[in-house]
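Structure first, then comments.
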Amino acid sequence: NKVLMRARSAARRADLLERFRGEVVERVAPELGQLAAAERSDVLDRLLGCVEKLPSRLRRIVRAGLDGSKARTLADELGIAVGTVYNLNLQAHVLLRKCLG
């Protein structure tokens, strides 16, 4: 009986803890969602500003990557080797990281 009572008590505590977690999520989730959206918006604005500061060639490569363009297609358009596209992309990412701090 003692084992059964201990198991029931543990189950009740687990249920109470789960309900508590659910209530916390209900009360805090909307506010956290708004804060996260504001933070993402700020980071995105900063990132776009940094992209605009890049030299035009690097900016074009970053935008092409964001659009989902293939490196081969971009290399053909720019008249450069595919490896050069990858190197320029790496340079752009280094500059963006520095800009974002």
**Fill in**
The complete set of salt bridge (charged side-chain N to carboxylate O under 4.0 Å, His left out) pairs with one or both residues in residues 7-18, sequence neighbours excluded, reads Glu18-Arg21
**Message:** I need the minimum non-hydrogen distance between Arg59 and Val51, along with the two atoms involved.
**Reply:** CD-O, 3.5 Å
**Asked** Given the rule that I, L, V, M, F, W and Y join up when any side-chain heavy atoms are under 4.5 Å apart, are Tyr86 and Leu66 in one cluster?
**Response** no
**Asked** Among the clusters formed by ILVMFWY side chains lying less than 4.5 Å apart, do Leu47 and Leu54 turn up in the same one?
**Response** yes
**Prompt:** Rounded to the nearest 0.5 Å, how far does OG of Ser9 lie from CG of Leu4?
**Reply:** 11.0 Å
**Item:** Any residue meeting salt bridge (Lys or Arg N to Asp or Glu O under 4.0 Å) with Arg63, in chain and number order, not counting sequence neighbours
**Value:** Glu52
**Request:** Measure the shortest side-chain to side-chain distance between Lys2 and Arg6 over non-hydrogen atoms and say whether it is less than 4.5 angstrom.
**Result:** no
**Prompt:** If two hydrophobic side chains count as joined below 4.5 Å and joins carry through other members, does Leu44 share a cluster with Val62?
**Reply:** no
**CG on Leu90 to CD1 on Ile61, rounded to 0.5 Å** = 11.0 Å
**Request:** Ignoring hydrogens and angles, tell me if any N or O in the side chain of Arg46 forms a donor-acceptor pair with the backbone of Leu100 under 3.5 Å.
**Result:** yes
**Asked** Can you tell me how far CG of Asp67 sits from OG1 of Thr73, rounded to the nearest 0.5 angstrom?
**Response** 12.0 Å
**Request:** Kindly write out the residues that satisfy salt bridge (Lys or Arg N to Asp or Glu O under 4.0 Å) with Arg19, not counting sequence neighbours, or none if the list is empty.
**Result:** none
**Request:** Would you check if Arg60 and Leu78 make a side-chain contact, meaning some heavy-atom pair closer than 4.5 Å?
**Result:** yes
**Asked** Can you tell me how far NZ of Lys98 sits from NZ of Lys53, rounded to the nearest 0.5 angstrom?
**Response** 14.0 Å
**Request:** Taking all non-hydrogen atoms of both residues into account, name the closest pair between Leu88 and Leu58 and its distance.
**Result:** O-CD2, 3.3 Å
